[in-house]
Amino acid sequence: MIIPPSIKKGDTIGIVAPAGKIDFNIVEQACSRIEKMGYKTKLAKHLDKPFFNFAGTDAERLNDLQLMLDDESVQCILCTRGGYGSVRIIDRVDFKKFMNKPKWLIGFSDITVIHSAMHNHNLASIHGPMCKSFLNYTDGGVDIDILFSVLEGEMPAYMINPNRFNRNGIGKGEVIGGNLSILYSLKNTPFDLDTKGKILFIEDLSEYLYHLDRIMHNLKLSGALKNLAGLVVGQFTEMVDNENPFGQSIEEIIYNAVAAYDYPVAFNFPAGHIETNYPLIFGVEAEFTVTDEETSLIY
């Protein structure tokens, strides 16, 4: 796996929008926060030129992302938001130059598409907070503090409280994953992930419970859940049930899909579409331990 170099104060963080449009004021405020922390920022060309729900046309977003990947004056890339759109351009992104001079790329949600493509090019990346997370950040944004400690070279170690649906055990492997619906949409494409021996992280937003069940059974039937080193279940936010209830909770749906296996499983990891979104390094090995007392994920 190719691990990007650490960044330092004075380095430039490129801001790019590969998917949905974003209020440009949010971008400007995020840049102001980043610059107060001692870094420079560089904006992609079309950030303030939305095209319907997208942050520019497909060609414009592709060009912005490609230029940012290849720009040697930029030491790190922060995606503005998720939404939808990365899948429309990912097959035309060229990682050749980037692989020779890699840099950290940060984002989550729809950016799972890019993380998956990078992983299949043996490139590590960071599932973590984007521009909105910087708006209320002063000195108390734990996820932002952790993010920049990772960018500056420190590997994180997470300890979280137990959950009654957890399955105890110890696993070791590369951490992969992201938004569950996006991972499902990438099945049988060149950007599908090989999950064997990996610690899989999943999270989602605003999905119907029956659809979550459908996705989990798809992963089970395809073998994607069979040989994991562990399963880390993040936040499933604003999930929806039908007027006639599905009959199982989020935890029950996921637990039942992996009940036949024996690797460790932990629920309620603080990452996903929540205010405090803990960064995860995709493509880097971690040790995952689940006990009755706590869950730990240590890089």
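For the residue pair Thr291 and Asn168, no side-chain donor N or O sits within less than 3.5 Å of a side-chain acceptor on the partner. Checking Glu203 against Asn179 by side-chain atom types alone, a donor-acceptor pair falls below 3.5 Å. Judged purely by distance below 3.5 Å, without hydrogens or angles, the side chains of Gln235 and Asn268 pair a donor atom with an acceptor atom. In summary, the side chains of His119 and Ser125 do not present any donor paired with an acceptor at a separation below 3.5 Å, with no hydrogens or angles considered.
Checked against the 6.0 Å centroid threshold, Phe52 and Phe54 do not count as a close aromatic pair. Residues Tyr39 and Phe148 bring their aromatic ring centres within 6.0 Å.
The minimum heavy-atom distance between Ser116 and Phe191, with the atom names listed, is CB-O, 3.4 Å. Counting all heavy atoms, side chain and backbone alike, Tyr208 lies closest to Asp241 at CE2-O, 4.0 Å. Among all heavy-atom pairs drawn from Val87 and Leu186, the shortest one is CG2-CD2, 4.4 Å. Here the shortest heavy-atom pairing between Pro18 and Leu65 reads CB-CD2, 4.5 Å. Heavy atoms only, all atoms of each residue included: Asn25 and Asp23 are closest at N-OD1, 2.9 Å. Taking each heavy atom of Leu183 and Gly178 in turn, the nearest pair found is CD1-N, 3.9 Å.
Counting only distance, with no hydrogens or angles, the side chain of Asn277 and the backbone of Gly272 share a donor-acceptor pair below 3.5 Å. Judged by distance alone, the side chain of Lys42 and the main-chain N or O of Met68 form no donor-acceptor pair under 3.5 Å. Distance alone, capped at 3.5 Å, places no donor-acceptor pair between the Lys8 side chain and the Glu152 backbone. Remark: the backbone N or O of Gly20 is not paired with any side-chain donor or acceptor of Arg61 at under 3.5 angstrom. Asp94 contributes a side-chain N or O that, together with a main-chain N or O of Lys96, makes up a donor-acceptor pair within less than 3.5 Å.
Under the 30°/60° scheme for interplanar angles, the aromatic rings of Phe282 and His115 are found to stand perpendicular. Note: Phe269 and Tyr278 have perpendicular aromatic rings, judged against thresholds of 30 and 60 degrees for the angle between ring planes. Taking the six-membered ring for Trp and thresholds of 30 and 60 degrees, Phe201 and His127 have ring planes more than 60 degrees apart, a perpendicular arrangement.
Connection of Val290 to Met159 is not established within any shared hydrophobic cluster, with ILVMFWY side chains joined at heavy-atom distances below 4.5 Å, either directly or through further cluster members. Under a hydrophobic-cluster definition in which Ile, Leu, Val, Met, Phe, Trp and Tyr are linked whenever side-chain heavy atoms come within less than 4.5 Å, directly or via other members, Ile281 and Phe98 are assigned to different clusters. Under the 4.5 Å side-chain contact rule for hydrophobic residues, Ile176 and Ile182 do not share a cluster. In terms of hydrophobic clustering, with Ile, Leu, Val, Met, Phe, Trp and Tyr side chains grouped at heavy-atom distances under 4.5 Å, Val232 and Val142 are assigned to a common cluster. Taking hydrophobic clusters as Ile, Leu, Val, Met, Phe, Trp and Tyr residues chained together by side-chain heavy-atom distances below 4.5 Å, Leu193 does not share a cluster with Ile199.
Of the charged side-chain nitrogens involved, at least one lies within less than 4.0 Å of a carboxylate oxygen, so that Glu72 and Lys101 count as a salt-bridged pair.
Annotation: Asn53, atom CG; neighbour count of heavy atoms from other residues, nucleotides and ligands within 6.0 Å does not exceed 12. More than 12 heavy-atom neighbours from other residues, nucleotides or ligands sit within 6.0 angstrom of NZ on Lys49. Other residues, nucleotides and ligands place more than 12 heavy atoms under 6.0 Å from the CG atom of Asn242. Other residues, nucleotides and ligands contribute at most 12 non-hydrogen atoms within 6.0 Å of the OH atom of Tyr255.
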message: Between His273 and Phe108, does the ring pair (Phe, Tyr, Trp, His ring centres under 6.0 Å) criterion hold? Intermediate values first, please.
response: CA-CA 9 Å; His273 290 79; Phe108 73 105; 5.0 Å; yes

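The structure places CD of Glu207 at 3.5 Å from OG of Ser181, a figure rounded to the nearest 0.5 Å. With rounding to the nearest 0.5 angstrom, the CG atom of Leu225 is 5.0 Å from the CG atom of Leu219.
Under the side-chain contact (heavy atoms from CB on, under 4.5 Å) rule, Leu78 has a single partner from Ile34, Val16, Ile126, which is Ile34.
Legend: residues meeting ring-ring contact (aromatic ring centres under 6.0 Å, His included) with His217, ordered by chain and number and at least two apart, are absent.
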